[in-house]
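Below is one structure, written out as structure tokens, with a few remarks after it.
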Number of protein chains: 2
Amino acid sequence: MGYKIKSRIWIESDDNVLLGEGRVHLLKAIHETGSLSKGAKSLNISYKKAWGLLDSVNKSAKEPVTINSVGGKGGGGVQLTDYGKSLIETFDEINKNCWKFLDEQVAKFETL
Amino acid sequence: MGYKIKSRIWIESDDNVLLGEGRVHLLKAIHETGSLSKGAKSLNISYKKAWGLLDSVNKSAKEPVTINSVGGKGGGGVQLTDYGKSLIETFDEINKNCWKFLDEQVAKFETL
DNA sequence: ATTCGTTATGTCTGTACAAATATAGCGAAT
DNA sequence: ATTCGCTATATTTGTACAGACATAACGAAT
């Protein structure tokens, strides 16, 4: 069995982290549940942690990634903007390309 | 100013981490100083941490990465094997290729 | 005005991890 | 046999971070 190569990528904006794998997971969960608290629960992370992540995402993005409504019918909720949706799509695409690229490169280790 | 993309890659062998950026740094410092304790000092990490890293590297590599001599003239020392040298060269090469690849991909974010 | 479920925060506590400290063991050279 | 500087570990201490807990604020609907 040979060596495996792994990677983690993230996007920064003005030295703040905008997107990483964890944040993308959270955004997807929010998209599916329509709520930050439910999304956090589905990922088994605390609401507080999820809230901090989402807050950080929105603060470092150039356009709003989510629209958060507080109060009202059902108590409120969180919805992804179109910009938010395209962000996670692009991230996933780049991530997959990166894995593919690295899988080709790792062969270099086998012949050492 | 646009978005920046960052990455971290590492090599695994049987689910153990063989090489990452920190380990490669350490191996380079050992190569320059000829000693684990001096290498650790030059990186401002504790000897214990450095020792643990190096031990892990040698345990997960398929061939020895360093030759550790204990006792004797000068108290001993650590030297990289040829295999060790080629490992860090290959890692650096792949890492640079990956950065270049990702820098091209990040443009996709600017047009969203 | 009251209820409701959510977002939005602060605070307190526990714990995993890192750092510091201590010490044993080694072997060539004198 | 003793010295020396290093590798090789164990043990203790410190700390950043995550998690748990608590609570305020919100606004639509009744």
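Letters go in sequence order (proteins before strands), and every chain restarts at 1.
- Residue A:Asn68 has a polar side-chain atom (N or O) positioned under 4.0 Å from OP1 or OP2 of C:dA8.
- Between the side chains of A:Ser35 and A:Ser37, a donor-acceptor pair is found at a separation under 3.5 Å.
- Within a heavy-atom distance below 4.0 Å of DNA chain C, the residues of residues 69-85 of chain B found are B:Val70, B:Gly71, B:Gly72, B:Lys73.
- Between A:Lys6 and A:Asp103 there is no salt bridge, since no side-chain nitrogen of the basic residue lies less than 4.0 Å from a carboxylate oxygen of the acidic one.
- Note on B:Asp55 versus B:Lys48: no salt bridge recorded, every NZ/NE/NH1/NH2 to OD/OE distance being 4.0 Å or above.
- The backbone N or O of B:Phe109 sits nowhere less than 3.5 Å from a side-chain atom of A:Thr90 that would complete a donor-acceptor pair.
- The shortest heavy-atom contact between A:Ala50 and A:Leu26 is O-CD2, 3.6 Å.
- Counted within 6.0 Å of CD1 on B:Ile67, heavy atoms from surrounding residues, nucleotides or ligands total 12 or fewer; the atom is thus considered open.
- With hydrogens and angles left out, the side-chain atoms of A:Ser56 and A:Asn16 include no donor and acceptor closer than 3.5 Å.
- Across all their heavy atoms, B:Asn58 and B:Val65 have their closest contact at OD1-N, 2.9 Å.
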Take B:Glu21 and B:Phe91 through the test side chain to side chain contact (heavy atoms under 4.5 Å, CB included) and record every step on the way to the result.
-> CA-CA 9 Å; B:Glu21 286 190 15; B:Phe91 183 89; 4.3 Å; yes
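- Computed from coordinates, the A:Leu36 CG to D:dC26 P distance equals 18 Å when rounded to whole Å.
- Inter-axis angle, ends of the helix from C:dA1-D:dT30 to C:dT30-D:dA1, five pairs per end, rounded to 10 degrees: 10°.
- Residues from residues 43-54 of chain B lying near DNA chain C, meaning a heavy-atom separation below 4.0 Å, are B:Lys48, B:Lys49 in numerical order.
- For the pair B:Ser35 and D:dG5, the criterion of a side-chain N or O lying under 4.0 Å from OP1 or OP2 is not met.
- Salt bridge annotation for A:Asp15-B:Lys4: present, with a cationic side-chain nitrogen under 4.0 angstrom from a carboxylate oxygen.
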